[in-house]
Amino acid sequence: MTLKKSIKEFGTLLGENESLLDRDFKRIAEKIELHWGYEEFYPFMNKLFVNDFDRDRAGFSPAVMQELYDLTEIHDQLFPGIKGSKKVFDR
């Protein structure tokens, strides 16, 4: 299943647009779906947002980063009790 289909709030946010994560980063999308609703979501997302300089990675486009941020926001709203101590963003 895709993130757009499995997370209805994300699907609603995207509307007619397809998810770039679902299209171009299937393995990452599957891991997000696996961690969805669990505290492990936050450390996983943190690894996506932080570019380790010792790794050879090009990074994500701004549009993909926006999807990751949107998913984090939706997760925070749906599961406020499991933020844990490792939040992705300080607000």
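Positions are given from 1 along the sequence. Scope of the values below: all heavy atoms of this structure, side chains included, with no hydrogens, waters or symmetry mates.
Under the rule for a ring-ring contact (aromatic ring centres under 6.0 Å, His included), the partners of Phe44 that lie at least two apart in sequence or sit in another chain are His35.
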>> Using the rule given for side-chain contact (heavy atoms from CB on, under 4.5 Å), can you reason through Thr2 versus Phe10, listing the C-alpha separation, both sets of side-chain angles and the distance that settles it, and then say yes or no?
In response: CA-CA 11 Å; Thr2 64; Phe10 185 56; over 6 Å; no
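Checked by atom type and distance alone, the side chain of Lys4 pairs as donor or acceptor with a backbone atom of Gly15 at under 3.5 Å. Under a 3.5 Å cut-off, the side chain of Glu67 and the backbone N or O of Leu21 do form a donor-acceptor pair.
With hydrophobic clusters built from ILVMFWY side chains whose heavy atoms lie under 4.5 angstrom apart, Leu34 does not share a cluster with Leu68. Met65 and Leu71 fall within a single hydrophobic cluster, where Ile, Leu, Val, Met, Phe, Trp and Tyr are joined by side-chain heavy atoms under 4.5 Å apart, directly or via other members.
Here the straight-line distance linking atom CD of Glu33 with atom NZ of Lys26 works out to 13.0 Å at 0.5 Å rounding. Rounding to the nearest 0.5 Å gives a distance of 8.5 Å between CG of Leu78 and CD1 of Ile7. If you take CG on Leu3 and NZ on Lys31, they are separated by 13.5 Å, rounding to the nearest 0.5 Å. Atom OH in Tyr69 sits 11.0 Å away from atom CD1 in Ile74 (nearest 0.5 Å).
Among all heavy-atom pairs drawn from Leu48 and Phe60, the shortest one is O-CE1, 3.6 Å. In plain terms, the two heavy atoms of Leu20 and Ala63 that are nearest each other are CD1-CB, 3.4 Å. When all heavy atoms of Tyr42 and Ile82 are compared, the pair lying nearest together is CE1-O, 3.5 Å. Among all heavy-atom pairs drawn from Gly37 and His75, the shortest one is N-NE2, 2.9 Å.
Within the structure, salt bridge (charged side-chain N to carboxylate O under 4.0 Å, His left out) contacts touching residues 11-23 (residues at least two apart or in different chains) are Glu18-Arg23.
Crowding of Phe79 atom CZ: a count of heavy atoms from other residues, nucleotides or ligands under 6.0 Å exceeding 12.
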